[in-house]
Amino acid sequence: MGILRIMMPPKFQLLALLAFAVAMLFLENQIQKLEESRGKLELAIARHEVREVEQRHTMDGSREQALAENDDVVIIYNRVPKTASTSFTNIAYDLCGKNKYHVLHINTTKNNPVMSLQDQVRFVRNVTSWREMKPAFYHGHVAFLDFSKFGVKRKPIYINVIRDPIERLVSYYYFLRFGDDYRPGLRRRKQGDKKTFDECVSAGGSDCAAEKLWLQIPFFCGHYSECWNTGSRWALEQAKYNLVNEYLLVGVTEELEDFVMMLEAALPRYFRGATELYRTGKKSHLRKTSEKKPPTKESIAKLQQSDIWKMENEFYEFALEQFQFVRAHAVREKDGELYLLAQNFFYEKIYPKMN
């Protein structure tokens, strides 16, 4: 007996295939929605577990321990002259009462940035052991000091600001002659010398010589003799190493507000309210060198011919690139304003499970 086969017309075969394809697409869409729902559920569960962990830690006293550790933090701002350091330090002074920390100025004899070995030991001991002064913000014109050489368990947090090397030198040149609007009545070392920076460069004067540019590199290089050998390539590389390995953040004078904003986000224990104060404060950022005249292109070109400028500028560009890299991962710009990014990580798959 033969098998009876019923042949479906081609038109109906096509419709059946289309219906099957639509059904498969529908099923895939539903499966994708279920996967998304499952992912959201897992994320919600993970966040709930994190909250449980945080609550348990709060109950068992870890919050108090965290606060105690926070109060043991010491910040050192080994400020480079004429980089807006006084303007920034004034913010720390204005906030210390409200945010409950101490500000201490490191005043070295004749503003010598290099400490003797015995003073290094004293300073490290003071910073690490002076509990009555913690939490503390130290600032002064002092070269970087490596605390790890002295066997301390907890190193301080270093921060700093640097500036375009020629801009910094020009500012310092006029500051020595005319002072600034911060303490206008104070007599300066070169007061009475009316020679402009351009005239100094044209005459080959010592106060505007390329050697005077060598300052930011040794400040970051530290207390090694080679750091202070003008034009040392080793010093430049050591300064770069310290900048990325020993400093939490190094800003630039030209973008000081961004530096302040990022410090407030990273160290709110010290800098809560700093950005608003910088933007609206009456005295926070108003220090300006008096009688300062921009140098001519000829003066700039003459300084830029020196190897010293090339090295100091290389260090400045290195610091600027690092700062902009950190900033790009911390803030976003919208309508001309910068906004800090919210926390962009969370914890999941936490074991063992909480009861």
Side-chain angles (χ1 to χ4, degrees), residues 72-90 92-93 96 101-163 165 168-169 172 175-176 189 211-251 270 308 311-312 315-316 319:
D72 196 42
V73 171
V74 171
I75 295 175
I76 296 181
Y77 172 35
N78 64 315
R79 41 195 283 201
V80 180
K82 304 312 297 175
T83 57
S85 61
T86 299
S87 302
F88 174 67
T89 303
N90 279 341
Y93 276 111
C96 66
Y101 61 87
H102 300 89
V103 181
L104 301 90
H105 178 217
I106 311 163
N107 190 348
T108 59
T109 304
K110 296 182 179 180
N111 284 328
N112 186 355
V114 178
M115 291 182 174
S116 66
L117 181 60
Q118 57 270 33
D119 275 348
Q120 292 178 41
V121 173
R122 294 184 187 109
F123 179 64
V124 170
R125 184 170 60 241
N126 290 155
V127 168
T128 55
S129 304
W130 199 357
R131 298 193 177 280
E132 292 80 6
M133 287 295 108
K134 291 182 179 180
F137 178 96
Y138 289 83
H139 68 96
H141 297 313
V142 181
F144 170 77
L145 185 60
D146 184 3
F147 275 59
S148 64
K149 295 200 311 182
F150 300 88
V152 300
K153 294 181 179 178
R154 185 167 188 171
K155 298 196 294 185
I157 295 174
Y158 268 95
I159 61 172
N160 216 326
V161 177
I162 70 170
R163 186 176 187 177
R168 194 206 65 79
L169 179 59
Y172 189 63
F175 174 75
L176 291 179
R189 180 151 45 97
E211 287 75 15
K212 294 292 184 180
L213 292 167
W214 189 259
L215 190 68
Q216 298 187 129
I217 288 174
F219 256 74
F220 278 79
C221 180
H223 280 70
Y224 305 104
S225 62
E226 187 65 18
C227 297
W228 300 90
N229 288 338
T230 304
S232 167
R233 172 59 59 173
W234 183 90
L236 169 60
E237 296 305 322
Q238 184 66 33
K240 288 180 179 180
Y241 176 87
N242 288 342
L243 186 147
V244 296
N245 289 284
E246 302 292 348
Y247 284 79
L248 174 69
L249 185 65
V250 176
Y270 286 83
I308 297 170
M311 295 179 73
E312 276 281 346
F315 179 66
Y316 170 75

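Here the structure is a predicted model, which is why all the values come from computation and not from measurement.
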With a 4.5 Å heavy-atom cut-off, do [X] and [Y] have their side chains touching?
X: Q238; Y: N242; result: yes
X: C96; Y: F137; result: no
X: F150; Y: F123; result: no
X: T128; Y: R154; result: no
X: D72; Y: R131; result: yes
X: P113; Y: V142; result: no
X: T108; Y: H141; result: no

* **Criterion side-chain contact (heavy atoms from CB on, under 4.5 Å) on H102 and K134, from CA distance to verdict** => CA-CA 7 Å; H102 300 89; K134 291 182 179 180; over 6 Å; no

* To do: Please test E226 against S232 for side-chain hydrogen bond (donor to acceptor under 3.5 Å, both in side chains), starting from the C-alpha separation and ending with a verdict.
  => CA-CA 7 Å; E226 187 65 18; S232 167; 2.7 Å; yes

Does [X] use its side chain to pair, donor to acceptor, with the backbone of [Y] at less than 3.5 Å?
X: E312; Y: Q216; answer: yes
X: Y158; Y: L145; answer: yes
X: S85; Y: P81; answer: no
X: W228; Y: G222; answer: yes
X: Y270; Y: A136; answer: yes

Where do [X] and [Y] come nearest, in terms of heavy atoms and distance?
X: Y138; Y: N126; answer: OH-O, 4.1 Å
X: I162; Y: A319; answer: CD1-CB, 3.3 Å
X: P218; Y: C227; answer: CB-O, 3.3 Å

State the [atom1]-[atom2] distance between [X] and [Y], to the nearest 0.5 angstrom.
X: I308; Y: L236; atom1: CD1; atom2: CG; answer: 12.5 Å
X: I106; Y: I76; atom1: CD1; atom2: CD1; answer: 6.0 Å
X: I217; Y: T230; atom1: CD1; atom2: OG1; answer: 10.0 Å
X: L248; Y: N160; atom1: CG; atom2: CG; answer: 12.0 Å

Do the rings of [X] and [Y] sit parallel, tilted or perpendicular, given the 30° and 60° boundaries?
X: Y93; Y: H139; answer: perpendicular
X: Y224; Y: W234; answer: perpendicular
X: F88; Y: Y77; answer: perpendicular

* Cation-pi check, K82 onto F175 ring (under 6.0 Å, within 45° of axis) -> yes

* To do: Among F220, F219, Y247, find the residue that satisfies the ring-ring contact (aromatic ring centres under 6.0 Å, His included) test when tested with F144.
  => Y247

* To do: Could you please spell out the steps behind the salt bridge (charged side-chain N to carboxylate O under 4.0 Å, His left out) verdict for D119 and R122?
  => CA-CA 5 Å; D119 275 348; R122 294 184 187 109; 2.6 Å; yes

* **Atom OH of Y241: over 12 foreign heavy atoms under 6.0 Å** => no

* Stepwise side-chain contact (heavy atoms from CB on, under 4.5 Å) check, V74 with I157 -> CA-CA 6 Å; V74 171; I157 295 174; over 6 Å; no

* Kindly determine whether I159 and I75 satisfy side-chain contact (heavy atoms from CB on, under 4.5 Å), including the steps that lead there. => CA-CA 7 Å; I159 61 172; I75 295 175; 4.0 Å; yes

* To do: Check the pair T83, R163 against side-chain hydrogen bond (donor to acceptor under 3.5 Å, both in side chains), reporting the backbone distance first and the verdict last.
  => CA-CA 6 Å; T83 57; R163 186 176 187 177; over 6 Å; no

* To do: Using the side-chain contact (heavy atoms from CB on, under 4.5 Å) rule, take V161 and V250 through it: C-alpha gap first, then chi angles, then the decisive distance, then the call.
  => CA-CA 5 Å; V161 177; V250 176; over 6 Å; no

* Any chance you could lay out the salt bridge (charged side-chain N to carboxylate O under 4.0 Å, His left out) test for E246 and K155, step after step, and finish with the verdict? => CA-CA 9 Å; E246 302 292 348; K155 298 196 294 185; 2.9 Å; yes

